[in-house]
Every structure is written in C-alpha cells, then in structure tokens.
Amino acid sequence: MSASLSAIRANLLHCLSDPDGDGMQAVQYIENGTLLIEDGHIVAAGRNADVPIPANATLIDLHDKLIVPGFIDTHIHYPQVDIIASYGKQLLEWLEKYTFPAETRFEDPALATETARFFINELLNNGTTTALVFGTVHPESVEAFFTEAQRRRLRMICGKVMMDRHAPSELLDTPASSFLQSQALIDRWHNKDRLGYAVTPRFAPTSTAEQLQMARRLLDENAGVHLHTHMAENADECDWVRSLYPQSTDYLDVYEQFGLVRKRSVFAHSIHVSDSAWKRLASADAAVAHCPCSNLFIGSGLFDLRAAQKHQVKMGLGTDVGGGDSFSMLRVINEAYKVQQLQHHTLTAEQAFYMATLGGARAIDLDAYIGNFEVGKEADFVVLDEHATPLLSRRIQQQHNWRDRLFSLLMLGDDRCIEQTWIMGQCATNKSDTSYQ
Ligand code: GUN
Ligand code: ZN
C-alpha cells in the first residue's frame with residue numbers, strides 16, 4: 001500500500017525550546033509555510049520555498065490560517081463534565097456537594113461511554129489533542145475512556161481514582177482492590193496504540209498510607225506509567241493534610257514518603273508550595289499542572305509561576321474541568337496571564353504558548369511524540385482562524401508582528417478560533433456536526 005502524503009499550506013507557529021531560557025529564539029514562526037505529513041507523522045515543516053511538494057502529495061491550502069501543535073491539557077477530569085460551573089463552593093465543600101455525587105454515577109458503563117464521547121468531542125472542538133485525565137474510582141470509567149480515545153486514535157493518558165477514605169462509601173475502594181484494578185487496567189491499556197496509564201490516587205486526604213504504598217508498587221512494577229494527583233490547592237486542604245500526616249514536614253513530603261515524587265509524576269495545582277518543596281520537585285524531575293481557570297473559579301489561590309520558573313520545575317497548563325469552567329486552553333492562558341498580573345509578574349505570549357504545547361508535552365514526558373513540528377513527531381495540530389470574531393479580527397489587524405498577534409489571539413481567543421483539529425494527519429473535527437458521534 002502506498003503511504004499517505006499530505007502537504008498543508010498555512011502560517012506555522014511552534015516552539016523549539018523553552019522561551020524562559022532561550023527567549024524569542026525558542027519560538028519559530030513560519031509565514032507561508034508548508035507542513036508535510038506522511039502516514040500521520042511530520043516529514044517537513046518550513047517555508048513554502050524550502051519544502052517542495054512531492055507529486056503524489058495531496059495539497060491542502062489553508063493559506064491565511066495559523067497552524068499550531070495540538071494543545072496539551074495536563075490536568076482534567078472527564079467524569080466532571082456535568083458539574084462544570086457549579087455554584088458557590090470552595091474545594092472541600094465543592095467535592096462533597098457536586099463532585100462525589102456526579103462521580104458515583106460512573107459505575108454505569110453506558111453513562112461512562114456517552115460522557116467519554118461528549119468529553120472527547122469537547123476537547124477536539126477546543127483544539128486539545130492530548131490530555132492527562134482523571135477517571136473515577138470505577139475501572140469501567142477508565143475502560144470507557146480508553147475505548148473511545150483508541151477509536152479516535154488519540155494520544156491520551158488516564159487512570160482509575162484510588163480512594164479508600166473520606167468519601168461516600170459507594171466511591172471507596174481498598175488498598176488491595178485499587179492495586180488489582182489499576183494493574184488490570186495497566187495490563188490492558190498501557191502503551192496500547194497511543195494510550196498511557198496514570199496511577200491516580202485522588203489526593204493525600206482520600207488515601208490511607210496503605211493505599212499510597214500500593215500506588216508506589218504500581219509505579220515500581222510498571223515502567224513508564226505516570227503518577228497523577230492533586231497537591232496544595234486550597235488552604236483548608238493543606239491544614240487537613242497536616243492533621244492527617246502530622247509526621248510529614250509538608251504536603252509534598254507525604255507523597256515523597258511513599259516514593260511518589262519522580263519523573264512522570266504530575267501534581268495538579270501546587271499553589272501553596274514552599275521554596276524547599278519547589279527545589280525537591282525540580283530535583284525529582286517531577287512536574288506540576290497549573291490550572292488557573294479552576295483556581296479562580298473555586299477560589300483556591302494564585303499559582304507562583306515565578307517560583308516554578310526559578311527552580312526550573314516542569315510545568316504544564318490544565319483546565320481542571322469541572323473545577324475549571326472551560327475546556328479551552330486559550331481561556332486557560334488568558335486566566336494564567338491575569339493570575340500573574342495580580343502578582344506583578346508578566347507571563348509572555350511565548351511562554352504561555354510553550355506551556356500549552358511543548359512545555360506541556362515535556363511535563364508529561366511525551367515530547368518525543370508531540371508538542372511541536374519536529375520531523376518524526378505525530379501530526380496532531382490545530383488550524384486557528386485569527387479572524388473568527390469581529391473583535392479579534394479588528395485587534396489582530398492592528399498588530400504588526402506575530403508576537404503581538406499571538407498575544408491578542410491568546411487573550412481574546414476561544415473555541416470559536418479552532419477551525420479544525422487534526423489527529424495523526426487527519427482532520428478530526430467537523431464543526432457543523434452536532435451529533436457527537
Ligand atoms: N482535589 C481532590 N479532588 C479534586 C478534584 O476532583 N478537583 C479538584 N480541583 N481538586 C481536587
Ligand atoms: Zn483536578
């Protein structure tokens with residue numbers, strides 16, 4: 001069979017490295033560029049003049065559109081779709097009142113399948129091509145998610161919640177059952193096609209020491225799996241952890257004591273973090289997921305980006321739906337910018353763009369496959385329309401260089417700008433299709 005070859009013409013923008021160290025050199029803007037894709041992988045990305053189009057390639061001319069790598073959401077909960085934008089509570093009450101009742105329903109595989117389909121459509125309609133995803137405590141919820149992600153050929157990471165205390169009884173597992181169920185899901189799904197498994201203890205308050213030991217065993221015995229959890233999101237949560245684990249020096253130390261802080265560990269939120277903990281995160285090569293929409297929506301606090309940068313901790317952005325109130329990584333970037341403004345720090349357009357693409361890929365250790373247009377990477381990308389709304393179009397036309405245009409797009413853009421989302425070199429969205437199949 002002959003290989004499928006496509007040449008896509010548009011303006012291209014992607015990161016080659018981290019702007020925090022390399023400045024503007026880190027981002028490459030190619031006006032009138034060509035992306036050449038063979039069998040779902042990038043074979044060339046450059047100026048039209050430098051990328052000859054082979055005679056057997058299908059040419060797709062999107063000349064005035066902007067193509068960027070697919071966005072990477074480093075922290076999101078698929079079973080929380082139906083409680084997005086729930087009113088009036090902060091973290092611990094929000095969990096009790098909204099989250100736990102919603103997650104209880106996921107023992108029903110039919111509900112899990114329908115929700116996974118809806119969720120993946122939302123991701124794609126927002127330009128998100130890879131996500132690190134919480135399921136619920138029910139293994140069926142993860143089964144449903146992976147089944148749908150595999151059907152759509154997506155690169156996704158998901159895991160079953162481990163939770164053996166401080167939640168309604170229907171949502172509790174045990175150290176032994178959480179180990180066995182997680183192991184069975186790893187055996188079935190980890191490294192299958194583009195899927196990966198994340199060992200997912202919800203957070204320190206909902207796991208006993210015995211369960212956190214089991215989480216460690218899963219990491220030790222299964223090469224390449226992730227650890228995905230929450231940390232230091234809310235002041236009352238931090239007080240609770242102090243009282244539950246009085247022998248620990250801080251929140252991170254709880255996870256350290258159980259050997260959970262390592263490469264491929266991702267700690268969502270990480271707001272109330274000391275200098276010492278930032279150092280330890282960096283030296284363990286662990287990552288954090290910054291979720292500003294959620295942190296503002298449920299009133300958790302302001303993430304210290306400067307500290308994370310100073311200590312060179314790997315960092316991605318996350319929507320944290322349903323604590324976060326949007327699936328759009330553009331909305332996340334907008335709020336991330338404001339969270340830094342409130343702390344008299346400036347998040348540059350390049351840095352924000354990096355965190356949503358290559359930086360996110362590095363944070364979840366997938367940068368060998370995704371995150372930019374390097375030759376050999378998987379062709380997951382987004383076609384952006386910078387003129388999707390009258391206001392954005394008007395503002396963009398006043399900007400004279402790509403960096404200022406990017407800033408306007410990041411601040412004013414949302415799902416209306418996502419014209420198409422491509423997975424492995426094929427368009428995976430159709431905006432006029434509302435059937436969610
Ligand atoms: N901490 C523990 N569980 C959760 C959750 O579901 N969402 C958020 N935002 N924080 C949590
Ligand atoms: Zn979360």
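Each ligand, and each atom within it, is numbered from 1 in the order the structure gives.
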K.L.:
Against heavy atoms of His269, which atoms of ligand 1 measure under 4.0 Å?
P.N.:
9 (N)
K.L.:
Does His230 bring an N, O or S atom to within less than 2.8 Å of the Zn ion (ligand 2)?
P.N.:
yes
K.L.:
Would you mind checking if Glu148 and Arg151 are paired as a salt bridge, meaning a charged N to carboxylate O distance below 4.0 Å?
P.N.:
yes
K.L.:
Indicate yes or no: does Arg362 engage Asp18 in a salt bridge with an N to O separation below 4.0 Å.
P.N.:
no
K.L.:
Given that the side chain starts at C-beta and the backbone is N, CA, C, O, which of these parts of Glu237 lies under 4.0 Å from ligand 1, counting heavy atoms, or is it both or neither?
P.N.:
neither
K.L.:
Out of all atoms in ligand 1, which are within 4.0 Å of some heavy atom of His77? Include the element for each.
P.N.:
5 (C), 6 (O), 7 (N)
K.L.:
Please write down residue, atom name and distance for the protein heavy atom closest to atom 9 (N) of ligand 1.
P.N.:
Asp320 OD2, 2.7 Å
K.L.:
Heavy atoms only, cut-off 4.0 Å: how does Trp94 contact ligand 1, side chain, backbone, both, or neither?
P.N.:
side chain
K.L.:
Check ligand 1 against Phe203 and write out every atom of the ligand that is under 4.0 Å from a heavy-atom position of the residue.
P.N.:
1 (N), 2 (C)
K.L.:
So, of the N/O/S atoms that Asp320 has, which is the nearest one to the Zn ion (ligand 2)?
P.N.:
OD1
K.L.:
For atom 4 (C) of ligand 1, what is the nearest protein heavy atom, given as residue, atom name and distance?
P.N.:
His230 CE1, 3.3 Å
K.L.:
Tell me if the OH atom of Tyr29 is crowded by more than 12 foreign heavy atoms within 6.0 Å.
P.N.:
yes
K.L.:
Is the terminal nitrogen or CZ of Arg188 (NZ for Lys, CZ for Arg) located under 6.0 angstrom from the six-membered ring centre of Phe146 and within 45° of that ring's axis?
P.N.:
no
K.L.:
Where is the tightest heavy-atom contact between Thr357 and Gly70, given as atom of each residue plus distance?
P.N.:
CG2-O, 4.3 Å
K.L.:
Do any N or O atoms from the side chain of His226 and from the backbone of Ile364 form a donor-acceptor pair under 3.5 angstrom?
P.N.:
yes
K.L.:
Any nitrogen or oxygen of Glu233, side chain or backbone, less than 3.5 Å from one on ligand 1?
P.N.:
yes
K.L.:
When you look at Tyr87 and Tyr98, which way does the ring pair (Phe, Tyr, Trp, His ring centres under 6.0 Å) test go after all the steps?
P.N.:
CA-CA 9 Å; Tyr87 174 75; Tyr98 300 118; 8.6 Å; no
K.L.:
Is it the side chain (CB and beyond), the backbone, both or neither of Leu91 that lies under 4.0 Å from ligand 1, heavy atoms counted?
P.N.:
side chain
K.L.:
Looking at Asp20, is its backbone amide N or carbonyl O close enough to the side chain of Gln351 to form a donor-acceptor pair, meaning the two atoms are under 3.5 Å apart?
P.N.:
yes
K.L.:
Judged by atom type as modelled, is there a donor-acceptor pair below 3.5 Å linking the side chain of Ser182 to the main-chain atoms of Phe179?
P.N.:
no
K.L.:
Quick test: of every protein heavy atom, which one is nearest to atom 6 (O) of ligand 1, and how far off is it to 0.1 Å?
P.N.:
Arg202 NH2, 2.7 Å
K.L.:
Strictly under 2.8 Å, is the Zn ion (ligand 2) approached by any N, O or S atom of His77?
P.N.:
yes
K.L.:
Return a yes/no value for Thr99: is any of its N or O atoms, backbone included, closer than 3.5 angstrom to an N or O of ligand 1?
P.N.:
no
